[in-house]
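Working notes, beginning with the structure itself.
In what follows, chains are A, B, ... by sequence order, proteins preceding strands, each numbered from 1.
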Amino acid sequence: MKELPKTYDPASVEHQLIEFWEKNGFFTPQPDSAKPKYSIVIPPPNVTGNLTIGHILNNTVQDVYARWKRMSGYNVLWLPGTDHAGISTQTKVEKKLKEENISRYDLGRKKFVDKVWEWKEVYHANISKQLIRMGASVDWSRERFTMDDGLSKAVKRVFVELYKKGYIYRGKRIIDWDPEQQTALSDEEVIHREKKDKLYYIKYPVLNEPEKFVTIATTRPETMFGDTAVAVNPNDERYSGLAGKKAVLPIVNKAIPLIADEYVDMTFGTGALKVTPAHDTNDYELGKKYNLEILQVIDHTGKMNEHAGRFSGIDRFEARKKVVEKLEELGLIEKIEDYTHNVGYSERGNAQIEPFLSDQWFVNMKTLAEPALNAVLSGEINFYPERWTKTYEHWMTNIRDWCISRQLWWGHQIPVWYHKTNGDLYCEVEPPKDLENWEQDPDVLDTWFSSWLWPFSTMGWPDETDDLKKFYPTDLLSTAPDIIFFWVARMIMASLEFTGKIPFRDVYFHNVIRDEKGRKLSKSLGNSPDVIQVMDEYGTDALRFTLVYLSPQGTDVLFSKDLCEIGRNFANKLWNAARFLLMKKEQSAGADNSYETDVFDKWIISRLNHTIRDYLKALSEYKINEASKALYDFIWRDYCDWYIEILKIKANEHPDSAQKIFSDAIDIFESAVKLLNPVMPFITEELWQGIKDRSENDSITISEMPVLDELLISPEAERDVTDIQEIITAIRNLKTELKYAAVKGKVEISTADSSGVKMLNDYPHYILKLTKTEAVNIVKKKESETSEKQNWAYTVVGNFEIYLERELLFDAVEEKKKLEDEMIKIRSFMDSISKKLDNEGFVSKAPAAVIEGERKKLTDQQEKLDKLTRQFESL
RNA sequence: GGGCGGUUAGCUCAGCUGGUUCAGAGCGCUUGCCUUACAAGCAAGAUGUCGGGGGUUCGAAUCCCUCACUGCCCA
């Protein structure tokens, strides 16, 4: 048996247990198990940095399910891995190189990619360490990376297949361009933020009509060099007769057509719109419709190009200022207004997005989306919280083509080759045989193009592996709600398309962690705690428990590390309870096993099973906070506050049976510890090892969860003990309120309830000891009888009247006040009941039981009030 | 502009498939305790027009409508 030191030292225990678990391979599923499988594939963290509190929460959630299922008769696989995180990682490495004044071009593609691999190794090791440290029960033998050979093969295979089916195509489109990273992005990688800007009203002269202008309103004057039309709404009377004429583009002095189209919003600005097909998605559509020239004036670095004349080579924002200056000189600025609008930024790099016309690869998503939408709507896949299905549905029904090419070097290079001489296109998993005649498309694929295959590519797809057969589809995906489109939706699409199966049955969207002020955690704010430091300070279990305990399904969680006191204090409580039980058991010499169990023993077993029931229900509904709360309350309130206190008394009274008493108590404690293991794996393992003799390589990890026995839930025992608890609390209350705390005093409990009398007569010693009174007298009174005890303090709990003998030092004024307060409360309560009962509608329509209940309440309260009144008057 | 949430004790939040755990928990606060594990503890206690208004119902924190404020997602 392990020794339990006086205080629990998380750090040393954790490191030791991590080794113990790993050595014994508890987390590798048994190959020939007949047990049903349960599988989870980890959302792969990016190899760019550290795990955040959000990761800890997410991985705790997964660990809870993995450990719970493992202890509940399942063969569990939790498969770990990491994501190469294309743009994010490349940006970080480039930034690091920049500190040494090196650009990726200095190194060249091959050397640069080598550098990124080096970086990846470092961060990968770091992340793995953190995952291990938090106790994640993943199977490291199956670890994957989105760019390892198997997964790369899957990526190519999928690309080629989709290309051949015609779902993947290459085309010139306006896409979201990041001028800093100089790559295309998908719509999802663009985040919109409010920006204070200016709205410029610019006068475009009408050709051959001196002094006549059309004033357009724009936030982007610098793009005017690319204007190839001015558009108004045909219904706009202000501009009737204008369409068909021409406007003169200022500065450039070029005539461009004036067109009329319903698309133009008459309420915005002046109702006249400059049309710049190369630099605005909507304008592009308009341009196509009217066959307008598409003139690009900003290049891929965000600078003006040769079409901008004297402004060429100038950065777009600088050019804006200069263009406005020039227009002002020309007297063509009508006015400039403040204007707040939403502007797109790169999710990773933070640069302002430029709508940019370029050749990119796209996936047509419509066909893929349909079955994926159905899988969720039909309930084949379940979302928790359920409301996310609406968001999913909305996105899936309005899905747009996915731009998958990135002008980066870090990632899966597109498996397409162009023939150097005849321009043929070759798209296969294997490169062309005469490679020297071909050139591979330099672009890489969007990171998510490998992530969307993750649940099955990690299990060996496209090969028909054993893992795929055994563990796929998976049971649970736990992930952050903000990647529902990026990832969850796409995984469902890819899985259905390529494996014909759903990737997972349940999707749990975990809580978003914020700081104590409600702000998002971010590096720039410096409000993201170092998780290892928090684990060192409070213990990993404390962090895990606290996170789960504070996280009701579907909410944002305001977190600060101080809150980990909740978990730390709970761990401390557990630890001390165990130490106490062991100490008492060892101290007890008695060998008598024949002590009689009483209602408290029955009660604690009932409470345990009650707790198991609540716990199972909560876990099956993904309400982990409720599961952890159920355990917290059982262990702290029921077991420690009441049951152990009762056992102290009992053991004193039956010293010969004490050993048996405490060893039985340890059995119950063991059950609670097992239930708690999925949330707090370290301390529960340590306690499990400590409270009983175990064989050397045995572990709570592979022990069996306590099984719910509904028959052991006893409403009678729970009611009786609740009565006793309330009586005890009432007596303590009388004592403290009336400042009798230090006085022993005598108690009389009187009731008409004969089973209550019988019950209490079995346990006066508990009441006596727990309230520190010297005598308890239990009296049976007749139904209508009112027992009065002059000069005894009085209170009522349920059917029980409680009298406490006053000593000389009682304070009549204080006591009168207390009685008065209580009487006021009772009167107002009675008023509300009477009102209800006087209500014709209530009496005629409410169920009989409810009415009866109200009547009973009323008479009980009346009786109580009478008694209090007499007490009051006697003082 | 469209969609989805939230608004309950000083703070952070449970409860929300209508009527005995219905007004709760933790923290904080007050009072008394180093009581045979635990002061990271024990015991007792105070605090709320359940965002405003309207409706459905015999009965609403719980269902419906509306307004206000607030957060997120998508245009």
How many Å lie between CZ on A/Phe509 and C1' on B/rC4, as a whole number? 13 Å
Counting side-chain heavy atoms from CB outward, which of B/rC74, B/rC42, B/rA25 is closest to A/Lys629? B/rA25
Ignoring backbone atoms, test whether A/Trp388 places a side-chain nitrogen or oxygen under 4.0 Å from the OP1 or OP2 oxygen of B/rG3. no
On the nucleotide B/rA44, are OP1 or OP2 found under 4.0 Å from the side-chain N or O atoms that A/Arg732 carries? yes
Whole-angstrom distance between B/rC4 and B/rC67, as gauged at atom P: 15 Å
Strictly below 4.0 Å: does A/Asn733 bring a side-chain N or O up to OP1 or OP2 of B/rG45? yes
Test of understanding: with ring pair (Phe, Tyr, Trp, His ring centres under 6.0 Å), list the residues that count as partners of A/Tyr508, not counting sequence neighbours. A/Tyr622
In chain order, what residues pass the ring pair (Phe, Tyr, Trp, His ring centres under 6.0 Å) check against A/Phe662, with sequence neighbours excluded? none
Mind checking A/Asp641 for me? I need base, sugar-phosphate or nothing, with any heavy atom below 4.0 Å counting as a touch. sugar-phosphate
Would you confirm whether A/Thr546, through its side chain, and A/Gly567, through its main-chain N or O, come within 3.5 Å as a donor-acceptor pair? yes
Using the C1' atom in both, what is the distance from B/rA39 to B/rA23, to the nearest Å? 31 Å
Taking the side chain of A/Arg514 as its heavy atoms from C-beta onward, which of B/rU35, B/rG71, B/rC38 lies nearest to it? B/rG71
Checking the side chain of A/Asp280 only, and the main-chain atoms of A/Asn282 only, is there a donor and an acceptor separated by less than 3.5 Å? yes
Does the gap between the ring centers of A/Phe600 and A/Tyr643 come in under 6.0 Å? no
Can you measure A/Arg387 atom CZ to B/rG3 atom P for me and round it to whole angstrom units? 16 Å
Between B/rG10 and B/rU17, how far apart are the P atoms? Round to whole Å, please. 26 Å
Please report the distance separating the C1' of B/rA40 from the corresponding atom of B/rU57, rounded so that it comes out in whole Å. 49 Å
Between A/Arg637 and A/Lys584, just flag the one whose closest nucleotide in RNA chain B comes earlier from the 5' side. A/Arg637
Nearest to the A/Glu645 side chain among B/rC73, B/rA37, B/rA25, which nucleotide is it? B/rA37
Any ion pair linking A/Lys692 and A/Asp667 (charged N to carboxylate O, less than 4.0 Å)? yes
Comparing A/Ile728 and A/Phe485 on RNA chain B - which has the more 5′ nearest nucleotide: A/Ile728
Pairwise C1' distance, B/rC58 and B/rG18 [rounded to whole Å]: 13 Å
Give a yes/no answer on whether the side chain of A/Lys573 brings an N or O atom under 4.0 Å of OP1 or OP2 in B/rC42. yes
Using a cut-off of under 3.5 Å, enumerate the N/O to N/O pairs linking the protein to nucleotides 14-23 of chain B.
none

Output all residues satisfying salt bridge (charged side-chain N to carboxylate O under 4.0 Å, His left out) with A/Lys584, sequence neighbours left out; order by chain, then residue number. none
Students often get this wrong, so: under 4.0 angstrom with heavy atoms, is A/Thr729 touching a base, only sugar-phosphate, or nothing? sugar-phosphate
Report the residues that fulfil salt bridge (charged side-chain N to carboxylate O under 4.0 Å, His left out) with A/Glu653, sequence neighbours left out, ordered by chain and then residue number. none
Measure from the side-chain heavy atoms of A/Asn569 and tell me the nearest of B/rC38, B/rC74, B/rG41. B/rG41
Of all the nucleotides listed (B/rA37, B/rC73, B/rU36), which has the minimum atom distance to the side chain of A/Ala577? B/rA37
Name all residues meeting the ring pair (Phe, Tyr, Trp, His ring centres under 6.0 Å) criterion together with A/Trp388; count only those two or more places apart in sequence or in a different chain, and write none if there are none. A/Phe509
A/Trp395 CH2 - B/rC4 C1' separation (whole Å): 17 Å
Figure out the CG/P separation between A/Leu558 and B/rU7, and round it to whole Å. 14 Å
Within the structure provided, determine whether A/Lys735 and A/Lys772 are in side-chain contact (heavy-atom separation under 4.5 Å). yes
What is the distance, rounded to the nearest whole Å, between atom CZ of A/Phe570 and atom P of B/rA37? 20 Å
Between B/rC13 (P) and A/Ile513 (CD1): distance, integer Å: 12 Å
Taking syn as a glycosidic torsion within 90° of 0 and anything else as anti, which one is B/rU70? anti
Calculate the interatomic distance between A/Phe580 atom CZ and B/rG41 atom P; express it in whole Å. 17 Å
Starting the side chain at C-beta, find the nucleotide from B/rC4, B/rA37, B/rG26 nearest to A/Ile566. B/rG26
With sequence neighbours excluded, what pairs up with A/Asp641 under the salt bridge (charged side-chain N to carboxylate O under 4.0 Å, His left out) test? A/Arg637
Look at the aromatic rings of A/Tyr392 and A/Phe383 and report parallel, tilted or perpendicular, splitting at 30° and 60°. perpendicular
With sequence neighbours left out, what residues match A/Trp688 under ring pair (Phe, Tyr, Trp, His ring centres under 6.0 Å)? none
A/Leu770 atom CG is separated from B/rC42 atom P, nearest whole Å, by 14 Å
Considering only the C1' atoms, how many Å lie between B/rC22 and B/rA9, rounded to the nearest integer? 15 Å
Taking only residues two or more places apart in sequence, or in another chain, which ones meet A/Glu645 in a salt bridge (charged side-chain N to carboxylate O under 4.0 Å, His left out)? A/Lys648
Which parts of residues 541-549 of chain A get close to RNA chain B, meaning a heavy atom less than 4.0 angstrom away? A/Tyr549
For B/rG59 versus B/rA43, give the span between their C1' atoms, rounded off to a whole number of Å. 38 Å
B/rA75, OP1 or OP2 - any side-chain N/O from A/Arg400 closer than 4.0 Å? yes
What nucleotide, of B/rU35, B/rA37, B/rC42, holds the atom closest to the side chain of A/Lys772? B/rU35
Please table the atom pairs, donor to acceptor, closer than 3.5 Å between any side-chain atom in residues 608-615 of chain A and protein atoms at least two apart or in another chain.
unit_1   : atom_1 : unit_2   : atom_2 : d
A/Asn609 : OD1    : A/Asp709 : N      : 2.9
A/Asn609 : ND2    : A/Ile605 : O      : 2.9
A/His610 : ND1    : A/Glu718 : OE1    : 3.4
A/His610 : ND1    : A/Glu718 : OE2    : 3.0
A/Thr611 : OG1    : A/Arg607 : O      : 2.7
A/Arg613 : NH1    : A/Glu710 : OE1    : 3.0
A/Tyr615 : OH     : A/Leu675 : O      : 2.7

B/rA61 and B/rG48: how far apart are their C1' atoms, nearest whole angstrom? 12 Å
Given pairs defined as Watson-Crick or G-U wobble with both distances under 3.5 Å, what dot-bracket annotation applies to RNA chain B, with ( ) intrastrand, [ ] crossing, | other strand and . unpaired? (((((((..((((.....[....)))).(((((.......))))).....(((((..]....)))))))))))).
